[in-house]
Amino acid sequence: MENFEFVSPTHFVFGRGAEEQVGAKLAEAGAKRVLVHFGGESARRSGLIDRVGASLDAADIEHIELGGVRPNPEITLVREGVRLCKEGNVDWILAVGGGSVIDSAKAIANGACVECDVWELFETKALDHDVLPIAVVLTIPAAGSEASKNTVVSNDELGRKTGYANNAQRPKFAFMNPELTFTLPPFQTAAGLTDMYCHLLERFFDDVGAVPVTDNLNLSLMNTIRAEAPRVLADPENYDARANIMWAGMLCHQGLAGVGRHEDWATHGLEHELSALDPAITHGAGLAVMFPAWMEYVHGENPARFAFYGQAVFGLTPTGDVEADALSAIDETRAFFARLGMPTTLAELGVEETDIPKMLPTLAQNKGVPFGSFKKLTLEDAAEIYKLAL
Ligand code: NZQ
Ligand code: ZN
């Protein structure tokens, strides 16, 4: 097991009506003036923004609003949020939405505490500043940003989508009411399931040997997602299925499922280039295409690890041929994503072979070269993996 540091300061309020506690909890924490940040229309349409506003009012907390975060959030709105926070003496940010809204909120929380343009933090990865405290009302289980140390933001002008990590931006509160996810369209539910499952794969396949305490937690989450996915897709208002998925999404990415390991994250890097190329590409859908391709390309580094995964998650029986067993595990993974209704080829995402060279320079900027852990990848390797996914 590798050495690690693990910080998880988030206070979770989970269950029916969780969002009604926003005002009381933030008042207890000393919030005076809150920026309520949200997405396109779902949270407004459902009345959630009004309910959260009423909860803040009841606790005598002033609040201003900034909506309009798009999926694959963009730096221009982040800059607007930074301006509002600085001019309006905002002392807390409340993100109401999914990964895109939370990531935009995290970026604003950092930007509000620095003199430089907020994008510079994504370039320099600077860590020596304060961050405004963040609370979250989660509406889609997927990215795990409600407890993670990461934010991922696009800069359309530069054609970049890149991450920035620091423990200070981990949310202080996450209000998680599974009922708020009943309205998710099947595609978003499935993309979220895919993303959280891939957060486990990124951690399970690296260059560290077995770490049973971490690996067994990870495998148990994979099995939970596989079992709950058909239930939640068949019956979107099944509270228990939604609740199990919502909590799993957090556990997949807050960090515990990877402690003591190096983790890989090459495939997330490959996917982020797809959604930078075309912001209409949903992160989970991009991962559904890229992960099996990455697996196919790298499995020869340690086929036994893939065979073990196939047995533990898909119940495959060992054949005595470890290479064949590894390939079966990869086939099962692809089939699982396909059953969720996810795409299996780049063509379905509108990405062509001629797009591959366009993504490599920004991939190198964002990830550095070589990148990954299970197999150290060059840009030539990356191009081959994209080709396998065509
Ligand atoms: O904008 P609205 O109208 O709210 O619609 C959203 C959006 O279109 C909709 N939605 C959300 N909750 C809903 C709902 N529709 C109906 N009912 C509800 N209850 O769902 C759509 C997708 O929302 P988004 O926030 O984009 O989803 P997700 O949580 O998957 O976030 C994706 C972003 O997170 C990043 C991704 O790269 C992507 O930019 N990630 C962030 C990570 C992190 N911070 O730790 C890690 C991840 O690996 C990932 O990279
Ligand atoms: Zn992800």
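Order of appearance sets the numbers: ligands from 1, and atoms from 1 within every ligand. From a predicted model like this one, the values you see are computed outputs, not experimental measurements.
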Asker: Would you say ligand 1 has an N or O under 3.5 Å from any N or O of R45?
Answerer: no

Asker: What protein heavy atom sits nearest atom 43 (C) of ligand 1, and how far away is it?
Answerer: S148 OG, 3.6 Å

Asker: Closest approach of L48 and T139, non-hydrogen atoms and distance?
Answerer: CD2-CG2, 3.6 Å

Asker: Counting heavy atoms only, which of V96, L184, T151 comes nearest to atom 13 (C) of ligand 1?
Answerer: L184

Asker: Answer with yes or no whether K149 contacts ligand 1, where contact means a heavy atom under 4.0 Å from a ligand atom.
Answerer: no

Asker: For atom 30 (O) of ligand 1, what is the nearest protein heavy atom, given as residue, atom name and distance?
Answerer: A142 CB, 3.4 Å

Asker: Do the side chains of D215 and R305 get close enough for a salt bridge, i.e. N-O under 4.0 angstrom?
Answerer: yes

Asker: Quick one: does P73 get within less than 4.0 Å of ligand 1, heavy atoms only?
Answerer: yes

Asker: If you have a sec, work out which protein heavy atom is nearest atom 22 (C) of ligand 1 and how many Å separate them, to one decimal?
Answerer: Q188 OE1, 3.4 Å

Asker: Quick one: which of T181, L180, T282 has a heavy atom closest to atom 19 (N) of ligand 1?
Answerer: L180

Asker: At what distance is the nearest protein heavy atom to atom 28 (P) of ligand 1, and which residue and atom is it?
Answerer: G99 N, 3.6 Å

Asker: Just need the protein heavy atom nearest to atom 16 (C) of ligand 1, so name the residue and atom and give the distance.
Answerer: T183 O, 3.5 Å

Asker: Quick check on K149: does its NZ atom have over 12 non-hydrogen neighbours (other residues, nucleotides or ligands) under 6.0 Å away?
Answerer: no

Asker: What protein heavy atom sits nearest atom 41 (C) of ligand 1, and how far off is it?
Answerer: D103 OD2, 3.0 Å

Asker: Between K358 and E352, is the closest basic N to carboxylate O distance under 4.0 Å?
Answerer: no

Asker: Who's the nearest protein heavy-atom neighbour of atom 50 (O) of ligand 1, and how far?
Answerer: H272 NE2, 2.9 Å

Asker: When you measure from the side chain of N150 to the backbone of A165, do you find a donor-acceptor pair of N or O atoms at a distance under 3.5 Å?
Answerer: no

Asker: Calculate, to the nearest 0.5 Å, the distance between atoms CZ and NE2 belonging to F371 and H268 respectively.
Answerer: 13.5 Å

Asker: Write out the residue and atom name of the closest protein heavy atom to atom 1 (O) of ligand 1, then the distance separating them to 0.1 Å.
Answerer: G40 N, 2.7 Å

Asker: Scan the protein's non-hydrogen atoms and note whether one is under 4.0 Å from atom 9 (C) of ligand 1.
Answerer: no

Asker: In Å, rounded to the nearest 0.5 Å, how long is the span from CE of M290 to CG of L270?
Answerer: 4.5 Å

Asker: So which N/O/S atom does H199 have closest to the Zn ion (ligand 2)?
Answerer: NE2

Asker: Hey, are E228 and R231 close enough for a salt bridge, meaning a charged N less than 4.0 Å from a carboxylate O?
Answerer: yes

Asker: Does E271 come within less than 4.0 Å of ligand 1, judged by its heavy atoms?
Answerer: no

Asker: Atom CG of N89 and atom CD1 of I64: how far apart are they, to the nearest 0.5 Å?
Answerer: 9.5 Å

Asker: Could you tell me whether the Zn ion (ligand 2) has an N, O or S atom of H253 under 2.8 Å away?
Answerer: no

Asker: Less than 6.0 angstrom from the centroid, inside 45 degrees of the normal: does R16 satisfy that with respect to the ring of Y239?
Answerer: yes

Asker: Quick one: which ligand 1 atoms are inside 4.0 Å of a heavy atom on K161?
Answerer: 36 (C), 37 (O), 38 (C), 39 (O)

Asker: Indicate if the distance from the Zn ion (ligand 2) to the nearest N, O or S atom of D195 falls below 2.8 Å.
Answerer: yes

Asker: Should the pair D207-K376 be classified as a salt bridge under the 4.0 Å nitrogen-to-oxygen rule?
Answerer: yes

Asker: Quick test of your reading of the model: are E74 and K161 salt-bridged, counting only N-O distances below 4.0 Å?
Answerer: no

Asker: I'd like to know if D206 pairs up with R261 as an ion pair, taking the criterion as any Lys NZ or Arg NE/NH1/NH2 lying under 4.0 Å from an Asp or Glu carboxylate oxygen.
Answerer: yes

Asker: Taking only heavy atoms of H199, which atoms of ligand 1 are found under 4.0 Å from at least one of them?
Answerer: 47 (C), 48 (O)

Asker: So which of T139, V101, L48 gets nearest to atom 12 (N) of ligand 1, if we judge by its closest heavy atom?
Answerer: T139

Asker: What part of H283, side chain, backbone, both or neither, has a heavy atom within less than 4.0 angstrom of ligand 1?
Answerer: side chain

Asker: Can the ring centres of F12 and F175 be said to be less than 6.0 Å apart?
Answerer: no

Asker: Give the numbers and elements of all ligand 1 atoms closer than 4.0 Å to a heavy atom of P71.
Answerer: 7 (C), 8 (O), 26 (O)

Asker: Heavy atoms only: which of S42, G39, S100 is nearest to atom 5 (O) of ligand 1?
Answerer: S42

Asker: How open is the angle at the Zn ion (ligand 2) from atom NE2 of H268 over to atom NE2 of H283, rounded to 10 degrees?
Answerer: 100°

Asker: Is the shortest side-chain N to carboxylate O distance from E65 to R44 below 4.0 Å?
Answerer: yes

